[in-house]
Asks: 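Structure in structure tokens, see below.
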Amino acid sequence: MSTDRYPFREIEAKWQRIWEERKQFQVTEDRTRPKFYCLEMFPYPSGRIHMGHVRNYAIGDVLARYKSMRGFNVLHPMGWDAFGLPAENAAIEHGVHPAIWTAENIAYMRAQLRQLGISYDWSREVNTSEPEYYRWEQLIFIKMLERGLAYRRRSTVNWCPSCQTVLANEQVEDGRCWRCDSEVVPRDIEGWFFKITAYAEELLAWCDRLPGWPERVMTMQKNWIGRSEGVEFDLPVAGRPGRRLRVFTTRPDTVFGMTYAVLAPEHPMVDELMADERERAAVAAFRAEVARQSEIERTAADRPKRGLRLSARVINPFTGQEIPLFIADYVLMGYGTGAIMAVPGEDQRDWDFARAHGLPIVETVRRPDGWTGEAYTGDGTKINSGFLDGLTVAEAKRKAIDWLVERGLGEPRVNYRLRDWGISRQRYWGAPIPVLYCDRCGMVPEKEENLPVVLPRDVQISGKGGSPLADVASFVNAACPRCGGRARRETDTMDTFVESSWYFLRYCSPRYEGGMFEPGAADYWMPVDQYIGGIEHAVLHLLYARFYTKVLRDLGLTKVDEPFVALLSQGMVIKDGAKMSKSKGNVVDPDDLIRTLGADTARLFTLFAAPPEKDLDWNDHGVEGCSRFLNRIWRFVVGHLDEIRDPAPPGLADRPGRPGVWPSTDPGRAFRRTIHETIVRVTEDIERDFHFNTAVSAIMELVNATYAFDQAAQDAMPAEERRALLREAIEIVLLLLGPFCPHITEELWAQLGHRESLFRQPWPEPDPAALVRSEITVVVQVDGKVRGRLTVDVDAPEEEVRRRALADRRVQAWVSADRVARVVVVPNRLVNIVTRR
RNA sequence: GCGAGAGUGGCGAAACUGGCAGACGCGCUGGACUUAGGAUCCAGUGGGCCGCAAGCCCUUGGGGGUUCGACUCCCCCCUCUCGCACCA
């Protein structure tokens with residue numbers, strides 16, 4: 001460990017205090033300035049922040065401070081996604097109430113974020129577990145209920161035995177719980193759903209209208225929504241007039257290849273088709289066998305497809321032929337109609353099943369490469385397909401659909417993979433669902449004037465089965481809002497993803513009591529201009545927030561169609577090749593880092609080591625290097641204060657970046673060009689791709705150049721010129737580095753004699769005069785290999801550059817005049833002499 | 001299997017629309033200042049031939065191609081990461 005560090009501890013504490021006293025980052029709607037809403041995903045108050053948070057918030061803070069210096073009115077809020085399971089688990093393990101545990105964690109983490117010096121408007125802090133917050137989502141729930149966007153039904157859900165609660169499809173990863181990694185089991189249960197499927201089409205359509213989102217995330221969302229276009233039609237059951245089996249297919253062109261049909265084992269029609277008790281028993285056994293498989297076994301890669309042939313047969317309406325009917329585990333009740341026509345020739349799953357059960361395979365698309373050992377799913381000419389023969393796949397699809405529609409046998413249909421969002425959780429620490437069940441009236445929503453339905457404080461949390469709220473008599477027993485009779489409150493709480501689906505709107509007017517948010521404030525600030533967070537929310541949170549925003553729009557509450565204009569998906573922080581985790585023992589604690597090297601160093605490293613969207617490889621030596629760099633700036637400025645402190649040397653302009661002294665010497669002009677080129681580079685790096693790593697390296701280069709200039713300039717120019725340029729260089733370094741390392745730069749800015757905060761300064765503009773070059777180095781290649789360099793006037797005539805290149809001594813060693821085939825001149829860049837070989 | 005992204009020194013990484021590959025930082029080597037240096041400053045640092053230097057050759061996962069010129073564009077292959085995973 002090095003000694004001799006700049007006093008980061010004092011200056012970081014000092015400026016955090018001053019910024020807070022000045023309320024420097026508090027903002028209000030100001031219609032005279034363009035707004036910029038910069039948002040990082042708010043954290044769950046788990047206890048302490050980790051390096052991923054540091055990175056996330058450092059990235060956001062660079063942008064917020066930069067945009068502010070650029071003249072934007074920047075909203076940069078922070079809050080807490082405070083409901084959730086860990087609080088309840090802490091209650092079970094340590095007997096501490098979730099509310100207390102959460103409040104303590106928030107207090108600690110808030111202090112940590114303050115120590116990082118992030119420019120939040122803390123006056124807008126939001127805590128989703130407070131009734132003032134969740135009451136509005138209860139109100140919206142009731143409005144969604146009125147519109148059929150919230151509904152209750154019994155269904156087979158994903159049940160996490162460890163969390164003792166239901167999970168949405170989006171919360172199941174690889175058959176396991178997204179939070180605790182336990183294996184998820186199916187369970188039949190009554191619960192509340194949000195009708196996200198009603199917005200499937202719009203959510204999908206907007207995926208192509210959000211250019212500020214990463215392609216990757218949009219692809220994941222599109223796949224998740226999973227639109228597929230096809231046709232639904234009936235297969236008559238043989239020998240049972242009037243009985244029909246409805247199937248869905250995206251390949252109506254292949255109907256002539258249908259050699260059997262399959263029902264999902266749970267399909268309700270199966271029971272009606274039983275011939276006798278023997279078959280009934282066989283079906284029951286098959287169903288039991290399927291049910292015994294876990295989700296994981298069921299989705300394993302090359303699992304054989306199992307099925308049972310039924311005695312009933314169905315008729316292919318196109319051919320009039322009877323074909324066998326099966327139940328099989330590879331057909332899912334939850335998609336389409338839960339029944340399919342099987343076309344083994346053009347579908348690999350059907351192919352596998354047909355092979356295993358000795359069923360015929362018909363080729364209905366001519367295969368370009370002949371009969372391979374698998375299904376063919378490509379395009380081609382229809383064969384063996386009656387009136388479709390000779391058509392392309394697309395033409396045949398259309399014609400087959402027309403044929404079905406004309407006869408009233410089926411109709412076109414779009415299906416989505418997306419399912420409605422199950423929001424009921426059998427947990428305590430969440431927002432109560434504001435409905436009651438009355439003995440007389442049935443399900444009744446709570447009256448709006450009775451909101452919020454406050455989560456009771458006095459609850460026994462055992463972690464054993466069912467909703468803890470069910471045991472709280474004072475909560476459960478209530479009067480029916482409609483008839484005043486005896487009623488029981490809903491004891492499930494809402495999925496915590498509901499709270500995070502609108503918190504960005506609440507930030508616009510966090511203390512507003514007249515509604516979810518104040519319309520004027522939301523109209524001013526929304527949408528979020530830049531959202532920043534981890535890729536793990538690519539589908540979950542980001543899809544829910546998009547959906548919820550559209551619901552609020554349709555309720556007339558907001559005007560925006562989409563909540564987030566642009567999204568930056570930041571990479572993970574890894575160390576020794578693995579994600580930081582306690583179990584791997586590779587965790588770097590932000591507290592330790594802040595204590596030993598300071599917040600500015602911690603921030604700088606997370607910004608410098610990799611571009612934001614890539615994973616960041618933690619390296620203790622690299623952190624040291626960042627600390628060294630800041631020390632280097634500190635030493636230089638403090639060491640030169642006598643020369644460059646205010647009052648400014650005569651002739652120096654007040655505004656940084658404005659020419660004060662015109663350098664009279666070549667080294668002076670060259671250095672000034674370096675200064676202003678750095679402004680250009682840093683600005684472009686921030687604007688273009690948030691490539692903060694290269695922005696930082698450009699600033700490092702300027703600091704290195706300043707050190708070199710300081711030495712070289714001792715005797716090379718008038719002292720005034722040297723001092724003026726040093727002052728200009730340092731001011732530019734501080735201004736450019738400010739958003740990255742706000743404390744040290746603010747302190748040195750003040751030490752230079754400035755009264756006003758660095759973060760009230762405009763972002764420096766490059767001086768065009770300083771950027772002018774008279775000469776430029778041009779590379780000379782022979783046959784594409786660099787053989788020399790030439791210093792020429794900028795925009796020198798091509799002919800002259802060509803002549804001088806050919807005349808170059810080194811070049812001549814490689815080429816004689818008679819062998820030159822061609823000379824390529826790229827102005828101000830290079831000359832390539834191509835020889836006859 | 002399908003979809004998306006990536007492969008560059010000892011390491012993290014640069015290289016905008018094809019135009020000096022390896023900026024910046026780490027690490028390493030040498031020097032200066034020092035009682036000392038794990039502080040600081042200065043210099044060097046892709047590999048090879050070579051005592052040094054000049055100079056030359058090679059080098060962006062592999063193989064082909066387009067081009068005066070390819071990390072960048074096209075085709076084939078390999079490896080890795082992430083997402084989806086029987087969605088009909």
Side-chain angles (χ1 to χ4, degrees), chain A residues 1-5 173-175 214-220 222-224 226-228 230 247-251 254 262 298-303 305 328-332 334-343 346-350 352-353 415-419 535-536 538-539 571-572 605 608-611 613-626 628-629 631-632 635 681 684-685 688-689 691 693-701 703-704 707-708 711 777-786 788-789 810 813 821-826 829-835:
Chain A
M1 276 289 158
S2 54
T3 56
D4 229 32
R5 295 195 190 281
E173 297 167 351
D174 235 358
E215 181 87 40
R216 187 158 69 115
V217 173
M218 278 316 181
T219 307
M220 283 164 70
K222 283 184 196 169
N223 291 343
W224 190 263
R227 181 183 201 275
S228 69
V247 295
F248 172 73
T249 181
T250 56
R251 289 293 304 275
T254 62
V262 189
R298 229 179 148 156
T299 53
D302 38 13
R303 208 172 52 85
K305 297 180 186 350
D329 59 355
Y330 80 100
V331 174
L332 310 172
Y335 189 77
T337 61
I340 61 157
M341 63 170 213
V343 188
E346 280 85 32
D347 184 287
Q348 192 58 44
R349 295 156 299 183
D350 297 343
D352 295 340
F353 189 82
N415 265 317
Y416 298 92
R417 209 186 75 113
L418 183 70
R419 303 297 147 77
I535 186 72
E536 65 273 18
V539 173
M572 287 187 307
F605 180 72
F608 173 64
E613 72 279 7
K614 285 186 70 169
D615 285 349
L616 185 153
D617 198 348
W618 194 266
N619 177 318
D620 291 334
H621 291 298
V623 183
E624 275 282 321
C626 288
R628 205 174 297 160
F629 168 65
N631 273 296
R632 208 164 135 79
R635 265 196 316 275
R681 289 172 63 189
E684 280 180 355
D685 284 343
R688 207 198 319 144
D689 280 331
H691 278 183
N693 55 332
T694 49
V696 170
S697 61
I699 300 169
M700 287 173 169
E701 283 181 67
V703 171
N704 292 345
Y707 265 82
Q711 288 209 335
T777 302
V778 163
V779 167
V780 182
Q781 297 180 335
V782 177
D783 294 325
K785 296 200 167 176
V786 180
R789 277 178 186 79
R810 269 188 63 208
R822 188 178 164 193
V823 180
V824 180
V825 180
V826 182
R829 245 205 182 116
L830 63 63
V831 178
N832 190 12
I833 297 162
V834 187
T835 63

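In what follows, every chain begins at residue 1, and chains take the letters A, B, ... in the order their sequences are listed. Predicted, not measured: the structure shown is a model, and the values here were computed from it.
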Asks: Atom CZ of A/Arg419 and atom C1' of B/C84: how far apart are they, to the nearest Å?
Replies: 14 Å
Asks: In whole angstrom, give me the gap between the C1' atoms of B/G46 and B/G64.
Replies: 26 Å
Asks: Could you give the CG-to-C1' distance, from A/Asp783 to B/A70, as a whole number of Å?
Replies: 16 Å
Asks: Examine the side chains of A/Thr835 and A/Asp783 and answer whether a donor and an acceptor come within less than 3.5 Å of each other.
Replies: yes
Asks: Go through the structure and list residues passing side chain to side chain donor-acceptor pair (under 3.5 Å) with A/Asp617, not counting sequence neighbours.
Replies: none
Asks: Any chance you could measure A/Tyr335, atom OH, to A/Ile340, atom CD1, to the nearest 0.5 Å?
Replies: 12.5 Å
Asks: Is B/G83 in the syn range, within 90° of 0, or in the anti range?
Replies: anti
Asks: Return whichever of A/Met220 or A/Gly334 has its heavy-atom-nearest nucleotide of RNA chain B closer to the 5' end.
Replies: A/Met220
Asks: According to side-chain contact (heavy atoms from CB on, under 4.5 Å), who are the partners of A/Thr777, at least two apart in sequence or on a separate chain?
Replies: A/Arg789, A/Thr791
Asks: Mind checking the P distance from B/C58 to B/G63? Whole angstroms is fine.
Replies: 14 Å
Asks: Expressed as a whole number of Å, how far does the C1' atom of B/A23 sit from that of B/C74?
Replies: 29 Å
Asks: Take the protein atom NZ of A/Lys305 and the nucleotide atom P of B/A88, then report the distance between them rounded to whole Å.
Replies: 14 Å
Asks: Which heavy-atom pair separates A/Asn832 from A/Gly784 by the least distance, and what is that distance?
Replies: OD1-N, 3.0 Å
Asks: About how many Å separate SG of A/Cys626 and CE of A/Met700, when rounded to the nearest 0.5 Å?
Replies: 5.0 Å
Asks: Contact class for A/Lys785 (heavy atom, under 4.0 Å): base, sugar-phosphate, or nothing?
Replies: sugar-phosphate
Asks: Pick the P atom in B/G62 and in B/C78, then give their distance to the nearest Å.
Replies: 15 Å
Asks: Please check the phosphate of B/G3 (OP1 and OP2 only) for any side-chain N or O of A/Arg216 closer than 4.0 Å.
Replies: no
Asks: Rounding to the closest angstrom, what is the interatomic distance between B/G47 and B/C52 at atom P?
Replies: 14 Å
Asks: Look up atom CE in A/Met220 and atom CD1 in A/Ile535, then write down how far apart they are to the nearest 0.5 Å.
Replies: 5.5 Å
Asks: When the P atoms of B/U72 and B/A6 are compared, how many Å lie between them, rounded to an integer?
Replies: 13 Å
Asks: What distance, rounded to whole Å, do you find between the two P atoms, one in B/G7 and one in B/A88?
Replies: 33 Å
Asks: One character per nucleotide, please: for nucleotides 11-25 of chain B, 5' to 3', B when the base has a protein heavy atom closer than 4.0 Å, S when only the sugar-phosphate does, - otherwise.
Replies: -BSS-B--BB--BBS
Asks: Would you please enumerate the stems RNA chain B participates in, each stem being three or more consecutive Watson-Crick or G-U wobble pairs with both distances under 3.5 Å?
Replies: B:1-7 with B:78-84, B:10-12 with B:24-26, B:27-32 with B:40-45, B:46-49 with B:55-58, B:61-65 with B:73-77
Asks: Tell me: CD of A/Glu624 to C1' of B/U40, nearest whole Å?
Replies: 14 Å
Asks: In whole angstrom, give the distance that lies between atom CE of A/Met218 and atom P of B/G83.
Replies: 18 Å
Asks: May I ask you to check whether over 12 heavy atoms, not counting those of A/Arg632, lie within 6.0 Å of atom CZ?
Replies: yes
Asks: Could you tell me which residues satisfy side chain to side chain donor-acceptor pair (under 3.5 Å) with A/Thr694, sequence neighbours excluded, listed by chain and number?
Replies: A/Asp685
Asks: Given B/A85, B/A88, B/G3, identify the nucleotide with an atom nearest to the side chain of A/Ser228.
Replies: B/A88
Asks: Using the C1' atom as the reference point in each nucleotide, state the distance between B/G18 and B/G25 in Å, no decimals.
Replies: 28 Å
Asks: Tell me every residue that passes side-chain contact (heavy atoms from CB on, under 4.5 Å) with A/Asp620, counting only those two or more places apart in sequence or in another chain.
Replies: A/Lys575, A/Trp618
Asks: What integer distance in Å separates A/Asp352:CG from B/G1:C1'?
Replies: 11 Å
Asks: For residues A/Met341 and A/Asp350, report the shortest heavy-atom separation together with the two atoms involved.
Replies: O-OD2, 4.0 Å
Asks: For the pair made of CD in A/Glu536 and P in B/G83, what is the distance, rounded to whole Å?
Replies: 10 Å
Asks: Please give, in whole Å, the distance from B/A85 C1' to A/Tyr330 OH?
Replies: 17 Å
